There are 2 protein chains.
Amino acid sequence: MARTTGSHSDITRPKIRAAALRLFARHGFAAVSMRALATEVGVQAGALYNYTPDKQTLLFSLLQDHMNDLLSACDNDPSQSAVDRLRQFVDFHIRFHADRPDEVFISYMELRNLTPENFAEVEALRRQYEDRLETILRDGAAAGDFAIADTKIATLAVIAMLTGVNTWFRAGGRLSLDEVIAQYWDMVRKSVTAG
Amino acid sequence: MARTTGSHSDITRPKIRAAALRLFARHGFAAVSMRALATEVGVQAGALYNYTPDKQTLLFSLLQDHMNDLLSACDNDPSQSAVDRLRQFVDFHIRFHADRPDEVFISYMELRNLTPENFAEVEALRRQYEDRLETILRDGAAAGDFAIADTKIATLAVIAMLTGVNTWFRAGGRLSLDEVIAQYWDMVRKSVTAG
DNA sequence: GTCTATACCGCGATAGAC
DNA sequence: GTCTATCGCGGTATAGAC
């Protein structure tokens with residue numbers, strides 16, 4: 001510590017990551033050149049290689065950090081009822097994703113631009129997240145709170161539905177995030193309950 | 001007609017489109033070069049330009065045709081009940097999309113690689129499709145069959161959920177398509193019904 | 001840590017022979 | 001209708017000065 005304070009590294013590194021996130025989300029990883037990224041940051045292209053060994057590692061780092069943030073933030077109290085935990089999950093998922101549209105977007109649009117090794121790592125983190133929801137649904141089904149034919153399908157169906165919010169929701173639009181969450185919770189709850 | 005029978009045009013054109021579809025879906029539009037496409041087809045790069053003015057037009061053509069196919073195939077008998085029409089929509093959507101994973105994939109992954117003009121055209125077709133479902137939901141809500149807070153949100157939520165099938169379903173897997181459709185119909189029905 | 005300069009490669013698209 | 005050859009450009013990444 002200490003000695004690096006104030007170095008350009010502390011300023012330039014986050015600027016590069018923020019710019020990469022924004023540009024990858026807007027134009028796609030393959031369509032963003034290192035030159036364009038450097039211009040956005042305000043440095044020359046060569047300087048970027050002080051912060052990342054290559055473009056691929058930069059993308060991987062962004063995705064990996066996003067997934068780790070997601071897993072860290074997704075807490076769940078197993079002593080609560082499955083219904084309460086599901087409500088909590090829906091609320092969390094929509095809020096967390098609405099806060100990070102760029103991270104979410106590249107996290108599934110740019111998966112195919114990862115090397116096989118990097119893809120496998122990100123994929124493992126994604127499955128961990130799915131397992132959080134699957135556990136809730138399985139517990140609720142075992143307790144008789146939910147009526148689900150196949151827990152894995154229900155997990156994927158709910159996540160797809162919730163993540164879809166990101167394709168259209170914009171803060172300041174017709175509906176507040178609270179209103180959106182309320183309706184999605186209503187639909188999710190009913191979809192996994194007997195009826 | 002007549003005279004063109006057997007010309008390479010009748011063979012090469014569909015081969016180019018099929019190869020482009022497959023490669024764009026697998027690697028992404030920006031990551032597929034015209035040389036790679038030509039190799040896949042079995043011709044030289046220059047020959048591709050006998051069939052498309054440029055790479056952009058090729059992508060647009062694939063997406064436009066897919067959306068037109070979708071709209072043509074999506075029929076709905078308005079004399080039936082909203083519940084029956086919704087069931088029919090769910091069945092149709094999952095089957096149609098499961099049959100065309102590559103078309104579906106590029107149809108929303110590569111939207112941002114369209115020129116603004118081409119994007120607007122494809123987007124308009126996509127909204128027409130959404131309107132088919134929205135009409136069903138609105139009719140059912142008016143008839144008292146459905147309990148939906150906001151019809152537009154419900155439309156987007158249901159479509160996101162159904163389209164999500166394509167991210168994991170593979171023919172010959174653990175579940176048959178009929179089983180998958182049955183569970184999705186169960187979840188969709190309950191999610192828009194009072195409960 | 002950033003700069004300038006550049007090596008080396010592959011891109012989309014075109015020209016003209018056959 | 002396809003070929004070979006090529007133009008002009010822009011890509012990632014590196015070298016060496018400061």
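Labels below follow one simple rule: chain letters A, B, ... track the order of the sequence lines, proteins then strands, and each chain is numbered from 1. All values below were derived from every heavy atom in this structure, side-chain atoms included, with hydrogens, water molecules and symmetry-related copies excluded. Please read all numbers here as calculations on a predicted model, not as lab measurements.
- Scanning for salt bridge (Lys or Arg N to Asp or Glu O under 4.0 Å) contacts around A:R26 gives an empty result, with sequence neighbours left out.
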Point to revise | Footprint string (nucleotides 12-18 of chain D, 5' to 3'): B base within contact, S backbone only, - free, heavy atoms under 4.0 Å | key: BBB----
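- B:R13 has its CZ atom 8 Å from the P atom of D:dG1, to the nearest Å.
- Annotation: side chain of B:R112 is not in contact with side chain of A:H27 (no heavy-atom distance under 4.5 Å).
- In this structure, NZ of B:K15 is placed 15 Å from P of D:dG1, rounded to the nearest angstrom.
- Between A:F24 and A:F29, the angle of the ring planes goes over 60°, which puts this pair in the perpendicular group of the 30/60° scheme.
- Computed from coordinates, the B:Y51 OH to C:dT14 C1' distance equals 17 Å when rounded to whole Å.
- Dashed line: the shortest gap from a side-chain N or O of B:Q44 to OP1 or OP2 of D:dT4 is under 4.0 Å.
- Per the geometry, CG belonging to A:L23 stands 13 Å off P belonging to D:dG11, to the nearest Å.
- Remark: P of C:dC11 and CG of B:N113 are 16 Å apart, rounded to the nearest angstrom.
- Side-chain atoms of B:T52 never come within 3.5 Å of backbone atoms of B:K55 as a donor-acceptor pair (strictly under, hydrogens ignored).
- No side-chain heavy atom of A:Q183 sits less than 4.5 Å from a side-chain heavy atom of A:L175.
- If you measure from atom CG of B:L37 to atom C1' of C:dG12, you get 12 Å, rounded to the nearest angstrom.
- With sequence neighbours excluded, no residue satisfies salt bridge (Lys or Arg N to Asp or Glu O under 4.0 Å) with B:R13.
- Residue A:T12 places at least one side-chain N or O closer than 4.0 Å to OP1 or OP2 of C:dT2.
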